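Model, not experiment: these values are computed from the prediction. Throughout, a chain's letter reflects where its sequence line sits, starting with A, and its residues are numbered from 1.
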Amino acid sequence: MRKPVRVRFAPSPTGLPHVGNIRTALFNWLFARHSKGRFIVRIEDTDVARWVKGAIEAILESLHWLELDWDEGPEVGGDYGPYFQSQRLDIYRAIAQQLVKQGDAYLCYCSPQRLEQMRAEQMRRKEPPGYDRRCRNLSAKERVRLEIQGIVPVIRFKTPLSGETRFRDLIRGRVVFDNRNLDDFVLLKSDGYPTYHLANVVDDHLMEISHVLRADEWLASIPRHVLLYKALDYKPPLFAHLPMILGPDRSKLSKRHGAVSTLDYREQGYLPEAIVNFLALLGWSLDDRTELISREQLVRYFSLKRIAKTGAIFNIDKLNWMSGVYIRQLDAEDFLERVLPFLETGLPQSIERPLSREYVQQIAPLIQERITTLGEAAEYTEFFFVEELDYDRALLSTDVTDEVALEALRAAKKGIQDLDSFDTSSLEGVLRPLASELGLKTGKFFGLLRVATTGRTAAPSLFQTMAVLGRERCLQRIEAALNRLGG
RNA sequence: GCCCCCAUAGUCUAGAGGCCAAGGACGUCAGCCUUUCAAGCUGAAAACAGGGAUUCGAAUUCCCUUGGGGGCACCA
């Protein structure tokens, strides 16, 4: 009987989670759910110096937003905790000591300055940088001398001086490394915290992780991990190194690529289901044509076998398209619920709060098929809320002369004043014939009215817009337009 | 500099020797629809990095070159 699938997402709180991090989380989650296994979140907070305030919250919040629920980890606990590495220091220290005792690791007293100098020298000589193993064979006497000086040592792994380390990646296949290219890396830092290599290997073992799905950038560290598993006599999990998500310049995603923090996308009004769909297709595919795929389908069909090997650029244009598709798919009520908060925060402060839900309900259908993100809603609908329209007078006479515009607006005013009911079809019933009476093309006439009532040349369908605005507002605005034209 | 990974259109991808004179999607362009903007519908342009080798036959296998990426910290 195969061991149950247990996978983990192991972020370090050294920054806000970007889409690359979250894509890794998504693949782990999908694999866990597909395999009816467990999805674990473990916080790798072993770098005290680079710790970023709020990062853990942002990471967990991103997962919540995308509904990537975890079975063990922060907030939920579990039988393999604690799930914060900073709370497991005793374990790492004991294991590091054990490695020293069994001869697989040693104490190193070299100062950071010496190491830096050494590396600089190596670079200058065009040699591969790496620890020169000065402390690897320290005599007892020398060690005592250094201890007395009060130097706190680090613990380094004794990497084999020869031979090769090979392993099999689920995505890459066989990979072989020559041990001579490896140096004696640090396991335990002088501040008593473990390095990633130690903590990661120890925890994956202790937490009985079955598959490690992590970004490609870790592939180069694989031989160290394999060597560590061997030294500790642990059975290594299976590894799958995922292709990376790259910035537009094809380099590793970083702050300099702008809004890549996952929560930024929430703020901009992308739907989580669109983000999940989009991210899933960055490095994974179902077949030769599926673009739109639900979370349920993803869970059902996700497979390690269909993960690509090539790094992928995050294509915002395609995300935008997909976002629009998802927004249009929402039913009216759902759309209203989702767009409301964005209007509350996005519309000018001068507008009374809270917004009238009933009014927004009328507006919502007019923009649902036009916006790409919920964040665009405010700008699209602002003219529905403001008292005074602010627009360039010239817009009223781009297609017609001032005289014609005045005549047409007066006629329109008169026409809608006497309307029995102010709805879409009655508006069309009176305004369309009016256009021909005035001898104006509908495009010109309606365009003029559009500017007068909305202050812009591009807006939702005119009659629907006017119906929602209501008779009073429309008359006021037409009046205002007449004034602008000096009528 | 050394090590590792990767290589189909601008971008995301399908393709596991003949089904490929390479399929889908975004984007782009054109047309249709239309009161504007979107949406929708039609259509078009656009790719197997290069060179060898294996084979009756290669986008698919192997080698080299080139290109891109990642790694080489008391960071993860």
Side-chain angles (χ1 to χ4, degrees), chain A residues 10-15 44-47 49-50 108 110-112 115-116 119 122-131 152-156 169 171-172 175-178 180-183 185-191 193-197 199-200 215-223 241 243-244 246 248 250-252 278 281-292 306 308-322 324-325 328 367-372 380 428 431-432 435 441-451 454 456-463 465:
Chain A
S12 69
T14 52
E44 308 219 323
D45 51 351
T46 56
D47 186 343
R50 288 202 312 155
C108 168
C110 293
S111 70
L115 295 174
E116 202 173 312
R119 263 191 299 272
Q122 288 165 332
M123 299 284 253
R124 192 164 335 119
R125 290 200 303 258
K126 304 248 187 229
E127 287 170 7
Y131 181 55
V152 183
V154 301
I155 294 180
R156 286 183 185 272
D169 185 272
I171 295 170
R172 315 272 148 192
V175 186
V176 183
F177 291 83
D178 192 325
R180 279 171 299 190
N181 292 315
L182 269 28
D183 70 349
F185 57 98
V186 174
L187 297 171
L188 199 71
K189 302 180 256 184
S190 56
D191 64 2
Y193 279 72
T195 59
Y196 170 87
H197 306 299
N200 196 263
D216 220 7
E217 56 188 316
W218 293 109
L219 193 59
S221 328
I222 251 296
H241 287 87
M244 305 223 292
L246 313 170
R250 286 217 152 271
S251 74
K252 198 171 160 179
F278 181 71
L281 257 28
L282 233 41
W284 180 86
S285 63
L286 174 61
D287 52 30
D288 63 340
R289 58 194 61 251
T290 304
E291 304 288 345
L292 268 13
R306 296 200 59 89
K309 293 180 179 174
T310 333
I313 292 175
F314 188 90
N315 183 192
I316 193 74
D317 281 332
K318 187 156 181 176
L319 203 216
N320 286 336
W321 163 75
M322 198 174 273
V325 171
R328 274 173 250 128
I367 59 163
Q368 183 171 3
E369 62 179 29
R370 291 179 165 75
I371 57 175
T372 290
Y380 268 72
E428 180 157 14
L431 293 174
R432 199 175 279 281
K441 283 227 169 106
T442 50
K444 288 186 179 181
F445 184 45
F446 295 162
L448 179 64
L449 283 172
R450 177 172 298 107
V451 172
T454 70
R456 40 179 91 192
T457 53
S461 170
L462 180 65
F463 305 129
T465 301

Across the strands shown, which category fits [X] at heavy-atom distances under 4.0 angstrom: base, sugar-phosphate, nothing?
X	answer
A:Arg328	sugar-phosphate
A:Arg289	sugar-phosphate
A:Thr457	base
A:Arg50	base
A:Pro13	nothing
A:Ala312	sugar-phosphate
A:Leu462	base
A:Val451	nothing
A:Arg306	sugar-phosphate
A:Thr290	nothing
A:Tyr131	nothing
A:Gly324	nothing

What distance, rounded to whole Å, do you find between the two [atom1] atoms, one in [N] and one in [M]?
N	M	atom1	value
B:G50	B:G40	C1'	43 Å
B:C64	B:A22	P	31 Å
B:A14	B:G23	P	15 Å
B:G10	B:A53	C1'	33 Å
B:U11	B:A21	C1'	25 Å

Classify the side chain of [X] and the base of [N] as holding, or not holding, a donor-acceptor pair under 3.5 Å.
X	N	value
A:Thr310	B:U13	no
A:Arg172	B:C5	no
A:Glu291	B:G24	yes

Next item on the list: Give a yes/no verdict on a cation-pi contact between A:Arg156 and A:Tyr131, requiring under 6.0 Å between NZ or CZ and the six-membered ring centre and an angle within 45° of the axis.
Entry: yes

Please state how far atom [atom1] in [X] lies from atom [atom2] in [N], giving the value in whole angstrom units.
X	N	atom1	atom2	value
A:Asp169	B:C6	CG	C1'	13 Å
A:Leu182	B:C72	CG	C1'	10 Å
A:Arg450	B:U35	CZ	P	10 Å
A:Asn315	B:U11	CG	P	9 Å
A:Arg119	B:G71	CZ	P	15 Å
A:Trp321	B:G24	CH2	C1'	10 Å
A:Asn320	B:U11	CG	P	18 Å
A:Lys126	B:C72	NZ	C1'	15 Å

Could you tell me which nucleotide pairs with [N] by Watson-Crick or G-U wobble geometry, both distances under 3.5 Å, or answer none if nothing does?
N	value
B:C56	B:G18
B:A44	B:U28
B:C72	B:G1

Check: Does A:Asp178 reach the main-chain N or O of A:Asn181 with its side chain, forming a donor-acceptor pair under 3.5 Å?
Finding: no

Notebook entry, point to check: When the ring planes of A:Phe278 and A:Phe314 are compared, do they come out parallel, tilted or perpendicular, using 30° and 60° as the limits?
Noted result: perpendicular

Notebook entry, point to check: Roughly how far, to the nearest 0.5 Å, is the CZ atom of A:Arg328 from the OG1 atom of A:Thr372?
Noted result: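 Answer for the OG1-CZ pair, A:Thr372 versus A:Arg328, is 7.0 Å.
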
Next item on the list: Please indicate whether A:Glu116 has more than 12 foreign heavy atoms, meaning atoms of other residues, nucleotides or ligands, lying under 6.0 Å from its CD.
Entry: no

